[in-house]
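Since the structure is predicted, the reported quantities are computational estimates derived from the model, not experimental observations. Just so it is clear, the values below take in all heavy atoms, side chains as well, and ignore hydrogens, waters and symmetry mates.
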Number of protein chains: 2
Amino acid sequence: MPHRKPDKVAQLQKYIASHGLKWTSQRSVIVNRFFAPPHRHYRLEEILEKCRREDASISYATVYRTLIMLVEAGMAYQRHFGKGQSLFEPSGSHHHDHLICTDCGAIVEFENQTIEKIQEMVVKKHGFKLTHHKMELYGLCAKCQKK
Amino acid sequence: MPHRKPDKVAQLQKYIASHGLKWTSQRSVIVNRFFAPPHRHYRLEEILEKCRREDASISYATVYRTLIMLVEAGMAYQRHFGKGQSLFEPSGSHHHDHLICTDCGAIVEFENQTIEKIQEMVVKKHGFKLTHHKMELYGLCAKCQKK
DNA sequence: TTGAAATTGAAAACCACTTTCAAAAAGACC
DNA sequence: GGTCTTTTTGAAAGTGGTTTTCAATTTCAA
């Protein structure tokens, strides 16, 4: 059984109620899929495919709109990797950055406190107020180096 | 007078010759514009506009193809910012990262040796071989904070 | 000068979204 | 329960930046 899924669903229902929106069966399917472990980065198409296994009539547009709603509710992040590809990930998981294999596309998450601190310094130095950041390291993973 | 422009042009001509490609007047215009100081990030449209002041018949497609060729020759980087927007910048300039204002779009370059070192450690730890990386800090610049 | 091969400009195709719109569903109020 | 207003939905069209196609043009080695 998923751990945090119920909380997330409840949280979203609260958001929906307080914004005059409506809870629908499609949203239920999408949100449950999205927050089901393992927490990961999903392309919209991946989520769509998962959802359609449960309800074949769910459309791309609905998944799209639901994910945007999650982002607006602060319950998901939308990241743009490379050429206009969007990945969505549940928020609330600890902050992390990404290490991406340019050959096989594998994504490894990592976290480094020192980098976070240095970022703060850089931002302060230039008078910015940081809202978010993106750090991606690209290279060949161990497997692909052997090939 | 531009400093490195001549070297760059010569370097590209060598690349072109050794790959069975051809040197054309369009490529000359585009490459000279691209490598003329100040070195910066250019959207394709910006370069196109510059080039057309010199040769009004140059097409988007040609600029596009020439920039891709520069990237393949290792003489330019293509960066994808946000939603599928590409910026090109001459390679060989010192490495730097970007600080981007989410309101006015201003881009500030910065450089930090410590971050570079930590990246190396992270990559090594995960068995990757680093090819390149992207680090972007997003926030409000001083001006936009006041508004 | 010639001719095979690369390049060009214009336009069409692509792709990942994003929006539109008429029909269907939700849910507040009888 | 019904009723009615508002939101949501799926399908399809629209967007915007990029990428490819194709016939005509240009390059450059022979």
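Salt-bridge formation is detected for the pair Glu49(B)/Arg53(B): a Lys NZ or Arg NE/NH1/NH2 atom is positioned less than 4.0 Å from an Asp or Glu carboxylate oxygen. A salt bridge does not link Glu120(B) with Lys124(B): none of the charged nitrogens is closer than 4.0 Å to a carboxylate oxygen.
Residue Thr66(A) is the one, among Thr66(A) and Tyr60(B), whose nearest nucleotide of DNA chain D lies closer to the 5' end (criterion: closest heavy atom). Comparing Ala61(A) and Met69(A), the nucleotide of DNA chain D nearest to each residue sits closer to the 5' end for Met69(A). The nearest heavy atom of DNA chain C to Arg65(B) and to Gly20(B) marks one nucleotide each, and the one closer to the 5' end goes with Gly20(B).
In this model, no donor atom of one side chain and acceptor atom of the other lie less than 3.5 Å apart for Gln13(B) and Tyr15(B).
Gln26(A) comes within contact range of the sugar-phosphate backbone alone, with a heavy-atom separation under 4.0 Å but no base atom that close.
Ring-plane geometry between Tyr60(A) and Tyr64(A) is classed as parallel, the angle between the planes falling under 30 degrees on a 0 to 90 degree scale with a further cut at 60.
Whole-Å rounding puts the Trp23(B) CH2 to dT7(C) P distance at 12 Å. Spacing between atom CD1 of Ile58(B) and atom P of dT7(C) amounts to 15 Å, rounded to whole angstrom units. Going from atom OH of Tyr64(A) over to atom C1' of dT9(D) covers 15 Å, rounded to whole Å. To the nearest angstrom, P of dT8(C) lies 14 Å from CD1 of Ile68(B). Atom pair Asp55(A):CG and dA24(C):P shows a separation of 16 Å (rounding to whole Å applied). In this structure, Leu48(A) places its CG atom 15 Å from C1' of dT18(C), rounding to the nearest Å. Here dT18(D) presents its P atom at 9 Å from NE2 of His80(B), a figure rounded to the nearest Å. Between the NZ atom of Lys22(A) and the C1' atom of dA25(C) there is a distance of 8 Å, rounded to whole Å.
Side-chain contact between Ile107(A) and Leu87(A): present, with at least one pair of heavy atoms (C-beta onward) separated by less than 4.5 Å.
For dT9(D), the OP1/OP2 oxygens have no side-chain nitrogen or oxygen of Ser57(A) closer than 4.0 Å. In this structure, Arg27(A) reaches the dT9(D) phosphate: one of its side-chain N or O atoms is under 4.0 Å from OP1 or OP2. Phosphate proximity of dA25(C) to Ser25(A): absent, as no side-chain N or O sits under 4.0 Å from OP1 or OP2. One finds no side-chain N or O of Gln78(A) lying less than 4.0 angstrom from the OP1 or OP2 phosphate oxygen of dC17(C).
For Thr24(B), the side-chain atoms get nearest to dT8(C) when compared with the rest of dT18(C), dT8(C), dG9(C). For Thr62(B), the side-chain atoms get nearest to dT8(C) when compared with the rest of dT8(C), dG10(D), dT8(D).
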